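Reading through the structure tokens given below for one structure.
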Amino acid sequence: MRVVELGIGCLVLVGGLALAQPARALDPSAAPPADASPVEFFREGTKAYFAGDKAKAVDAYGFAADLGHPVAQWKLGRMYQDGDGVAENDLKAFELFSEVANAHADDAPQSPQAPFVASAFVQLGNYYLNGIQDSAIEPNVARARELYTYAASYFGDADAQFQLARLYLEVDPAERDPKLAARWLKLAAKKGHHGAQALLGQMLVEGNGVKRNVVAGLMWLTVARNNASVEDDWIRQEQEQAFSLASEKERRKATEMAEAWSSSNGN
């Protein structure tokens, strides 16, 4: 199996954890009916979540997660990660993401749950990159790279490609590889990842480890700015700086290219 070759199957053991106990935040004495459907519990949880009843959502997602529903496990992991309806608990989130990754690493990239499986790998990579305080999960850049690489290559996940590129640019000077980073960023940028578009644009404008191309760089920065959220202020700042330094001819060509890109790709 592909997962064994990468060592992902030992993910939980590497972290020094055991997942013998359910990862949900329910009464330990509670249990779903013997004939319960994880899909039904997941639907109940989703309905409750969007109705604002997050306590009910946690219970329903928890039952579905215990029955092996990967999207419920992922969603519950994100809730623990963000403190969304439950007390923030990164270790609990790590356990849930590990369940998804361990059980579904070899799922087809076209499967309905594939985006959530890929996201679980990315979240685990983030945890290994930074570690979890007061736990056995310590910072491990090599492990983070392995997880990002798997999600980026096997699932083609744009966020994994972006995070992997950042690793090759920023995290470990000994492993710095701007050209490889740019290749991953271009893959993610073409899928509409705004952070990747902006970072690739910045690299091209500055000639940071790649051949300088102000027009192409400003084009990517403009595409990123046009579609980024208001929280992504760094993208706006980078685009404005690049625009101010470009010549009129470069600005006009980059704007035309950005409009053509958005017209063809919608992002």
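What's counted below: heavy atoms across the whole structure, side chains too, no hydrogens, waters or symmetry copies. Predicted model only: the values in this text are computed from it and were never measured.
Judged purely by distance below 3.5 Å, without hydrogens or angles, the side chains of Asn126 and Tyr148 pair a donor atom with an acceptor atom. Arg78 and Gln81 are linked by a side-chain donor-acceptor pair at a separation below 3.5 angstrom, with hydrogens and angles left out of the test.
Within 6.0 Å of NZ in Lys191 there are more than 12 heavy atoms belonging to other residues, nucleotides or ligands. Within a 6.0 Å sphere centred on CZ of Arg176, other residues, nucleotides and ligands contribute more than 12 heavy atoms. Dense packing is recorded around NZ of Lys54, with more than 12 heavy atoms of other residues, nucleotides or ligands lying under 6.0 Å away.
Looking at Gln161, its side chain does come within 3.5 Å of a backbone N or O of Ala152 through a donor-acceptor pair. Without hydrogens or angle criteria, Tyr150 side chain to Ala105 main chain gives a donor-acceptor distance under 3.5 Å. No donor-acceptor pair under 3.5 Å is formed between the side chain of Glu138 and the backbone N or O of Gly131. Checking side-chain atoms of Gln239 against main-chain N and O of Thr222 turns up no donor-acceptor pair under 3.5 Å. At distances below 3.5 Å, not a single donor-acceptor pair connects side-chain atoms of Tyr128 with backbone N or O atoms of Arg145. In this structure, His104 contributes its side chain and Asp107 its backbone to no donor-acceptor pair below 3.5 Å.
Ala165 and Trp184 get closest at one heavy-atom pair: CB-CB, 4.1 Å. Closest approach of Val210 and Ala182 over heavy atoms only: CG1-CB, 3.8 Å. Closest approach of Leu67 to Pro38, counting heavy atoms only: CB-CB, 3.8 Å. When all heavy atoms of Ser111 and Pro115 are compared, the pair lying nearest together is O-CD, 3.9 Å. Nearest heavy-atom pair across Ala151 and Ala118 is CB-O, 3.9 Å.
Met219 is not connected to Val214 by any chain of hydrophobic side-chain contacts under 4.5 Å among Ile, Leu, Val, Met, Phe, Trp and Tyr, and they are in different clusters. A continuous path of hydrophobic side-chain contacts links Leu167 to Leu187 [ILVMFWY only; heavy atoms under 4.5 Å]. Cluster membership for Leu147 and Val117, using ILVMFWY side-chain heavy atoms within less than 4.5 angstrom, is shared. Cluster membership for Val58 and Tyr49, using ILVMFWY side-chain heavy atoms within less than 4.5 angstrom, is shared. No single ILVMFWY cluster, assembled from side-chain heavy atoms under 4.5 Å apart, contains both Phe50 and Val39.
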Exercise for the section: Could you please spell out the steps behind the side-chain contact (heavy atoms from CB on, under 4.5 Å) verdict for Glu146 and Phe121? Expected result: CA-CA 10 Å; Glu146 182 182 34; Phe121 273 91; over 6 Å; no
Practice task
Take Ser119 and Asp157, measure what side-chain contact (heavy atoms from CB on, under 4.5 Å) needs, and give me the verdict at the end.
Solution key: CA-CA 8 Å; Ser119 176; Asp157 183 79; 5.6 Å; no
Exercise for the section: Go through Lys186 and Lys190 one step at a time and tell me if the side-chain contact (heavy atoms from CB on, under 4.5 Å) criterion holds. Expected result: CA-CA 6 Å; Lys186 190 171 184 179; Lys190 288 182 175 181; 3.7 Å; yes
Handout entry: Worked verdict on Arg236 versus Asp233 for side-chain contact (heavy atoms from CB on, under 4.5 Å)
Key = CA-CA 5 Å; Arg236 178 188 60 79; Asp233 192 55; 2.7 Å; yes
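For Arg183, the side-chain contact (heavy atoms from CB on, under 4.5 Å) partners are Lys179, Leu180, not counting sequence neighbours. Partners of Phe155 under the ring pair (Phe, Tyr, Trp, His ring centres under 6.0 Å) rule, at least two apart in sequence or in another chain, do not exist in this structure.
Here the CD atom belonging to Gln202 is positioned 8.5 Å from the CD atom belonging to Gln241, to the nearest 0.5 angstrom. How far CG of Leu199 is from CG of Leu204: 10.0 Å, rounded to the nearest 0.5 Å. Separation of atoms CD (Gln73) and CD (Glu95) is listed at 12.0 Å; rounding is to 0.5 Å. Rounding to the nearest 0.5 Å places CG of Leu129 at 8.0 Å from CD of Gln163. From Leu96, atom CG reaches atom OH of Tyr80 across 7.5 Å, with rounding to the nearest 0.5 Å. Note that the OG atom of Ser244 and the CZ atom of Arg251 stand 7.0 Å from one another [nearest 0.5 Å].
Counting heavy atoms from C-beta on, the side chains of Gln197 and Arg225 never come closer than 4.5 Å. By the 4.5 Å heavy-atom criterion applied to side chains, Glu238 and Val205 are not counted as neighbours. At least one side-chain heavy atom of Lys253 sits under 4.5 Å from a side-chain heavy atom of Met257.
A cation-pi contact, defined as under 6.0 Å to the ring centre and within 45° of the axis, is absent between Arg143 and Tyr127.
Ring geometry, Phe41 versus Phe63: the interplanar angle falls from 30° to 60°, so the pair is classed tilted.
Checked against the 6.0 Å centroid threshold, Tyr61 and Phe42 count as a close aromatic pair.
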